[in-house]
Amino acid sequence: MQDVVLALLAKEPAHGYQLRARLQEALGPLGDGLNAGQVYVTLRRLEKAGLVSARVVGQTDRPDRKVYELTPAGQERVAGWLADVDRASRPAPTDFYLKLVAAAWSGLADPVDIVDAQRRELLRRLADVQRAALAQPPGSGPALLLEGAVLRLQADLRWLDSCAAHWADREK
Amino acid sequence: MEPILRASRLRKHYGTGTGLVRAVDEVDLDVASGEAVGIIGPSGCGKSTLLHLLGALDRPDGGWLWLGGERIDRLSETAAARLRRRSIGFVFQAFHLVDELTARENVELPALLAGASPRAARRRATALLERVGLADRAGHLPAMLSGGQRQRVAVARALVNDPALLLADEPTGNLDTAATSEVLRLFDDLRAEGRTLVIVTHDSRIAAAADRLITMRDGAFVDETILRRPSGNPSFGYAIRHGSTDDDSGLGSGLGDDFGLPDAPGLGHGDGSGSGRDSGFGSGHGFGLGAISGLV
């Protein structure tokens, strides 16, 4: 969440309200559970950590509100996050998707490049697991267990292809 | 080392004007002897067209193509047919077996066409059917075989003239999970034996059996993943010719000198830079039970 919020601020400073709206737009029904409080808590934590700075903008007919922007440290962290390939055993789809959204929105990285890097990682893993599976006698229990891992990786790879197609189309 | 197969600025376009499709657009490819290369990408990315060009089934509009040092991009129909019989084995998604012939006769056929004596053709077909685990199905017609078995017959047929290059176009495209495993096992054996393979596929399982994977998009190579050192080439040095192909993750995809990996299964790959990474099963790690258990 922290990284996503930071990346969404990379393009331009924003109010908490705008960030929440942007996240909800990206997440669709999955964003229904996202309350305003979560975004503001995240922003306060980021401010405390020196990754964003806030300035108060006065409004005539409404209460004043805070506009957040990235500090140099925050910019560095966003760049690192976008370049980092997720090496968790199974990357969470929502996190990965939000990274692509944030990359496209901020213009700091090409989502298709991020997909390609993640694909390389998953293909290497698939090759490893498959090698382990092939070393087992066909029809054995361990072969069956490893087949489960193979099929899940395959599903993840197929979804990456969909992600690449989605953002490649937008770039055209 | 001189590659067995080399394509340089290979090009094939269809249509004209706004309907122009750059099916293969200035592709450079070197395949070393004994290397297994997978080409992956969305449907319509040009990978099948590329395979047809590599196998002299179709002529490029431009560029150069060499097989075993011989130019093959401007061959006559007759010369191309002779080259295919002699030097190239093909495996297709739809098997393309002759329905009226038994498994053994299907395998014999290209040997006979290439001028082998019936006795020699029979001997080779029998040995190859045994090789693909179908000795007991030699007398069966294709209709009596499962999909996985048919594809294994097709692989035996592709090997009967001992081709320098084996090309496969979606070899598991018509197969279910179990049959895919059969064919996968066979391709993995062929790779381990040092056969030179080029496999075009959108099935990541068969792709992961390759030594090197190339991602194709809109007729061009856009990414490359090194999965292992080719079995046929202990001293093979990688020369990546495409600008965007290297992996900046530092995980040992790529350039020759960080490629000290042994080929033995169970040792993983990479340059050791991955040690101490998170609990997952990063490519730089050794390969152990802990690594797998994160996935199952």
Side-chain angles (χ1 to χ4, degrees), chain A residues 83-91 109-110 112-139 141-169 171-172, chain B residues 38 40-43 177-178 180-182 184-185 188-189 192 202-211 213 215 217-218 222-228 244 247-253 264-270 274 277-285 287-289 291-296:
Chain A
D84 186 40
V85 177
D86 193 338
R87 294 179 212 288
S89 54
R90 298 206 70 210
D110 184 342
V112 177
D113 289 345
I114 295 175
V115 171
D116 284 344
Q118 190 68 39
R119 185 191 293 109
R120 289 193 288 268
E121 176 69 16
L122 291 192
L123 282 169
R124 289 195 196 100
R125 253 184 247 166
L126 178 61
D128 281 347
V129 181
Q130 198 155 257
R131 233 169 291 166
L134 287 172
Q136 301 301 315
L144 180 66
L145 182 60
L146 288 166
E147 186 176 300
V150 165
L151 293 174
R152 278 194 293 278
L153 281 167
Q154 233 188 330
D156 289 346
L157 279 160
R158 223 176 279 164
W159 182 63
L160 285 185
D161 288 342
S162 304
C163 292
H166 177 82
W167 270 284
D169 281 351
E171 284 166 14
K172 272 180 196 165
Chain B
I40 55 177
S43 40
T177 302
T180 293
S181 298
E182 285 174 35
L184 180 66
R185 212 168 261 279
D188 192 60
D189 288 346
H202 63 254
D203 178 352
S204 46
R205 288 186 71 188
I206 193 86
D211 300 315
L213 278 178
T215 306
R217 213 173 282 140
D218 298 329
V222 295
D223 199 26
E224 184 173 58
T225 310
I226 307 288
L227 296 177
R228 59 169 80 69
S244 63
D247 177 354
D248 41 8
S249 70
L251 270 177
S253 152
L267 285 169
H269 38 190
R277 248 184 256 273
D278 68 16
S279 60
F281 153 18
S283 307
H285 290 260
F287 182 74
L289 270 184
I292 302 180
S293 59
L295 283 153
V296 291

For the residue pair R120(A) and E224(B), what are the closest heavy atoms and their distance? CD-O, 3.5 Å

To the nearest 0.5 Å, how far apart are CG in D203(B) and CG in L157(A)? 10.5 Å

Can you tell which of A83(A), A165(A), P138(A) has the highest number of heavy-atom pairs within less than 4.5 Å of chain B? P138(A)

Using heavy-atom distances under 4.5 Å, tell me whether A133(A) contacts chain B through its side chain, its backbone, both, or neither. backbone

Smallest separation among heavy atoms of R131(A) and L227(B), with atom names: NH2-O, 3.6 Å

With sequence neighbours left out, the residues meeting side-chain hydrogen bond (donor to acceptor under 3.5 Å, both in side chains) with T180(B) are none

Taking every non-hydrogen atom, the tightest pair across Q136(A) and R185(B): O-NH2, 3.2 Å

Checking Q154(A) against chain B: side chain, backbone, both or neither under 4.5 Å from a heavy atom? both

Output for pair (L151(A) CG, R205(B) CZ), nearest 0.5 Å, gives 6.0 Å

Tell me which of these, L134(A), L126(A), V150(A), has more heavy-atom pairs under 4.5 Å with chain B than the rest. L134(A)

A side-chain contact here means heavy atoms from C-beta on lying under 4.5 Å apart; do V222(B) and V112(A) qualify? no

I'd like to know whether D161(A) forms a side chain to side chain contact (heavy atoms under 4.5 Å, CB included) with H202(B), so could you lay out the CA-CA distance, the side-chain angles of the two residues, the decisive distance to 0.1 Å, and finally the verdict. CA-CA 10 Å; D161(A) 288 342; H202(B) 63 254; 5.9 Å; no

If we define contacts as heavy-atom pairs under 4.5 Å, which of S181(B), A208(B), A210(B), G41(B) has the most with chain A? A208(B)

Residues that D188(B) engages under salt bridge (Lys or Arg N to Asp or Glu O under 4.0 Å), provided they are two or more places apart: R191(B)

Min side-chain heavy-atom separation R217(B)-D116(A) under 4.5 Å: yes

Among T225(B), L213(B), T215(B), the one residue meeting side-chain contact (heavy atoms from CB on, under 4.5 Å) with R119(A): T215(B)

